[in-house]
*Asks:* 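Quick one: this structure, given as structure tokens, is what I'll be asking you about.
If you read the sequence from its start, that first residue is 1, and numbering goes on from there.
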Amino acid sequence: MHFVPVGAGPRAAGPPTPSRSGWGLQSLPHTRGGAQPRGQWIRRAPLDVVAAIGDPHGGKSSSPGSSSLGSLRSALRSKDTGKGSNLGILSLTNFLKTSLDITREPEVRRVIDIVTNKNSLFASKGGSCRQAGNPHARMVTVDEAEKVVKCLEEFGFTAAELRQLMLASPQVLCYSVPRIEDLLTFLERDAGLSAEDVRQTLLARPTIMGLPRGQLEQIVGFLLENGSNREDVKSMLQRSL
């Protein structure tokens with residue numbers, strides 16, 4: 001990152017030259033009422049971002065995917081440039097809208113915050129900042145999110161059920177596929193629930209997916225050892241966790 005001194009020579013014609021090393025800053029001369037020129041600092045994007053979105057000063061991109069590039073260009077122009085310039089966030093946002101039909105902006109922002117922010121207040125019980133957020137939070141890639149969705153689809157979750165599940169517990173997108181498969185297998189094989197029962201149980205209590213395997217085994221084992229049948233186990237899981 002470097003700076004152009006205030007009032008250092010006449011204003012150059014055309015847009016500023018982007019920096020390769022990341023976000024740079026440039027001073028643009030500004031005069032008012034004959035006063036001495038003053039500097040006004042603005043952001044400028046790295047070359048790779050400019051190349052991806054075309055002319056950052058309003059020109060249209062001729063490359064494929066102009067709609068997505070238009071969204072990126074708008075984000076870079078927005079006041080919230082710190083988040084708007086994050087390509088990972090934009091990609092995940094697009095995935096939520098196109099693959100899970102989560103399109104309302106408040107819902108999108110909530111899901112993104114819970115998935116990527118370990119201290120998200122959205123993930124706290126009752127909205128209390130004293131409660132833990134999402135300990136599994138990280139920058140989930142679209143490839144990872146697609147694998148999670150595919151795993152659940154193969155188990156029988158419908159598009160509507162997936163949308164319901166992700167809105168109720170966005171943390172699911174942070175879990176690995178082996179973890180999810182292990183949970184589904186345990187509930188179906190060891191707890192004796194049918195695939196339909198498993199889906200309905202997880203939709204009713206999506207927090208079950210966040211429990212460690214050992215803790216879930218203890219709960220189910222206690223119920224079975226005390227004479228509970230499949231319906232009792234399902235009912236307890238749906239009402240108690």
*Asks:* List the steps, then state whether side chain to side chain contact (heavy atoms under 4.5 Å, CB included) holds for Glu181 with Glu154.
*Replies:* CA-CA 10 Å; Glu181 290 177 335; Glu154 291 176 348; 5.6 Å; no

*Asks:* Can you name the nearest heavy-atom pair linking Val115 to Cys174, along with the distance?
*Replies:*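 Looks like O-SG, 3.4 Å.
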
*Asks:* Without swapping roles, check the side chain of Asp113 against the backbone of Arg109 for a donor-acceptor pair under 3.5 Å.
*Replies:*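 Looks like no, no N/O pair under 3.5 Å.
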
*Asks:* What is the minimum heavy-atom distance between Ala145 and Phe95, and which atoms define it?
*Replies:*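 Taking every non-hydrogen atom into account, CB-CE2, 3.5 Å.
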
*Asks:* Less than 4.5 Å apart, side chain to side chain, heavy atoms only: is that true for Val149 and Ser99?
*Replies:* no

*Asks:* Taking the side chain as everything from C-beta on, heavy atoms only, tell me whether Arg138 gets closer than 4.5 Å to Val140.
*Replies:* yes

*Asks:* Between Arg213 and Glu217, is there a side-chain N and carboxylate O pair less than 4.0 Å apart?
*Replies:*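 Looking at Glu217 together with Arg213, the answer is yes, because their closest N to O distance falls below 4.0 Å.
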
*Asks:* Would you confirm whether Arg179, through its side chain, and Met209, through its main-chain N or O, come within 3.5 Å as a donor-acceptor pair?
*Replies:*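 At least one qualifying donor-acceptor pair exists.
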
*Asks:* Could you check whether any side-chain N or O of Glu144 sits under 3.5 Å from a backbone N or O of Thr141, counting only pairs where one atom can act as donor and the other as acceptor?
*Replies:* yes

*Asks:* Do the side chains of Asn117 and Phe122 get nearer than 4.5 Å, heavy atoms only?
*Replies:* no

*Asks:* When rounded to the nearest 0.5 angstrom, what distance separates CD in Glu146 from CD in Glu153?
*Replies:* 10.0 Å

*Asks:* Does a salt bridge link Glu231 with Lys234, judged by any charged N lying under 4.0 Å from a carboxylate O?
*Replies:* yes

*Asks:* Which atom names give the shortest non-hydrogen contact between Ala137 and Thr116, and what distance separates them?
*Replies:*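 So the minimum-distance heavy-atom pair works out to CB-C, 3.8 Å.
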
*Asks:* Once rounded to the nearest 0.5 Å, what's the spacing between atom CG of Leu184 and atom CG of Leu193?
*Replies:*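 Reported value, rounded in 0.5 Å steps: 11.0 Å.
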
*Asks:* Considering all heavy atoms of both residues, which atom of Ala191 and which atom of Leu187 are nearest to each other, and what is their separation?
*Replies:* CB-O, 3.2 Å

*Asks:* First locate atom CG of Leu183, then atom CZ of Phe155, and finally report the distance between them rounded to the nearest 0.5 Å.
*Replies:* 8.5 Å

*Asks:* Thinking salt bridges, do Glu196 and Arg199 make one under a 4.0 Å N-O criterion?
*Replies:* yes

*Asks:* Once rounded to the nearest 0.5 Å, what's the spacing between atom CD of Glu105 and atom CD1 of Ile112?
*Replies:*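 Those atoms lie 10.5 Å apart.
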
*Asks:* To the closest 0.5 Å, what do you measure between CG (Asn229) and CG (Leu223)?
*Replies:*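 Reported to 0.5 Å precision, the distance equals 10.5 Å.
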
*Asks:* Does any part of the side chain of Thr93, heavy atoms only, come nearer than 4.5 Å to the side chain of Ile89, both counted from C-beta?
*Replies:* yes

*Asks:* State, with a plain yes or no, whether a side-chain heavy atom of Met166 is found less than 4.5 Å away from one of Val148.
*Replies:* yes

*Asks:* To check you understand the geometry: which heavy-atom pair defines the closest contact between Arg110 and Pro170, and what is its length?
*Replies:*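 Smallest heavy-atom distance, with atoms named: NH1-CG, 3.9 Å.
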
*Asks:* So, taking the atom named CG in Asn94 and the one named OG1 in Thr98, what distance separates them when rounded to the nearest 0.5 Å?
*Replies:* 4.5 Å

*Asks:* So, applying side-chain contact (heavy atoms from CB on, under 4.5 Å) with Leu152, which one of Thr158, Val177, Leu202, Ile180 is it?
*Replies:*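 By the side-chain contact (heavy atoms from CB on, under 4.5 Å) criterion, Leu152 pairs with just one of Thr158, Val177, Leu202, Ile180: Ile180.
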
*Asks:* Quick check: do Lys97 and Val108 have side-chain heavy atoms less than 4.5 Å from each other?
*Replies:*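 Answer yes - side chains close enough.
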
*Asks:* Quick one: are Val111 and Leu92 in side-chain contact, heavy atoms under 4.5 Å?
*Replies:*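 No - every pair of side-chain heavy atoms lies 4.5 Å or more apart.
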
*Asks:* Provide the closest heavy-atom pair for Gly156 versus Glu161 in the form atom of the first, atom of the second, distance.
*Replies:* O-OE1, 3.9 Å

*Asks:* Under a 4.5 Å cut-off applied to non-hydrogen side-chain atoms, are Arg230 and Ser194 in contact?
*Replies:*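 Sidechains of Ser194 and Arg230: in contact.
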
